[in-house]
Each structure stands twice: as structure tokens, then as C-alpha cells.
Amino acid sequence: MKCQCASKLISQQLDSKLKPQEKMALSLHLLICPRCRHFQRNNQKLQGILKQYCSKDS
Ligand SMILES: [Zn+2]
């Protein structure tokens with residue numbers, strides 16, 4: 001899997017849109033790729049901040 005593909009899956013993962021085999025392939029890639037692990041961490045952090053922000057408004 002290429003990093004470009006992995007980062008796409010990471011964004012979809014945050015919306016829980018991944019198929020089981022995509023999740024599997026992604027976690028395998030994350031094992032071998034520190035860059036994408038970092039990307040995923042940042043994404044999750046951002047998502048958490050956005051969620052907090054939105055729940056404040058509603
Ligand atoms: Zn990667």
C-alpha cells in the first residue's frame with residue numbers, strides 16, 4: 001500500500017467507513033510506516049477538537 005492510499009483510508013477511518021479488509025491493510029501499513037502513524041495521530045487529534053467544537057454549538 002502506498003502512503004497516499006493509506007492517508008485516504010485514515011481519513012475514511014475517522015468516519016468509520018472502512019471495510020474489514022481495508023482496516024486490516026491499513027493497520028499493516030501503519031505497522032511499517034511511521035509517517036502514516038503520525039498522520040493518523042494528528043487526524044484523530046483534529047477530529048477530537050472538531051467534535052468538541054461542534055457539540056459546544058449545538
Ligand atoms: Zn505510509
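All values derive from a computational prediction rather than experimental measurement. Each ligand, and each atom within it, is numbered from 1 in the order the structure gives.
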Item to check | Other ILVMFWY residues reachable from Leu14 by side-chain steps of under 4.5 Å | outcome: none
Item to check | Distance criterion under 2.8 Å: protein N/O/S atoms around the Zn ion (ligand 1) | outcome: 4
Checklist outcome for this item: Residues passing the side chain to side chain contact (heavy atoms under 4.5 Å, CB included) test with Cys5, sequence neighbours excluded, are Met1
Counting only pairs under 3.5 Å, give me each side-chain donor-acceptor contact of residues 18-27, with atom names and distances, residues two or more places apart or in other chains.
unit_1: Glu22; atom_1: OE1; unit_2: Lys19; atom_2: N; d: 2.9
unit_1: Ser27; atom_1: OG; unit_2: Lys23; atom_2: O; d: 3.0
unit_1: Ser27; atom_1: OG; unit_2: Met24; atom_2: O; d: 3.0

Checklist entry - CD1 of Ile32 to CZ of Arg37: how many Å apart, nearest 0.5 Å? => result 9.5 Å
Checklist entry - Roughly how far, to the nearest 0.5 Å, is CG of Asn43 from SG of Cys36? => result 10.5 Å
Checklist outcome for this item: d(Gln13 CD, Gln47 CD) to nearest 0.5 Å is 10.5 Å
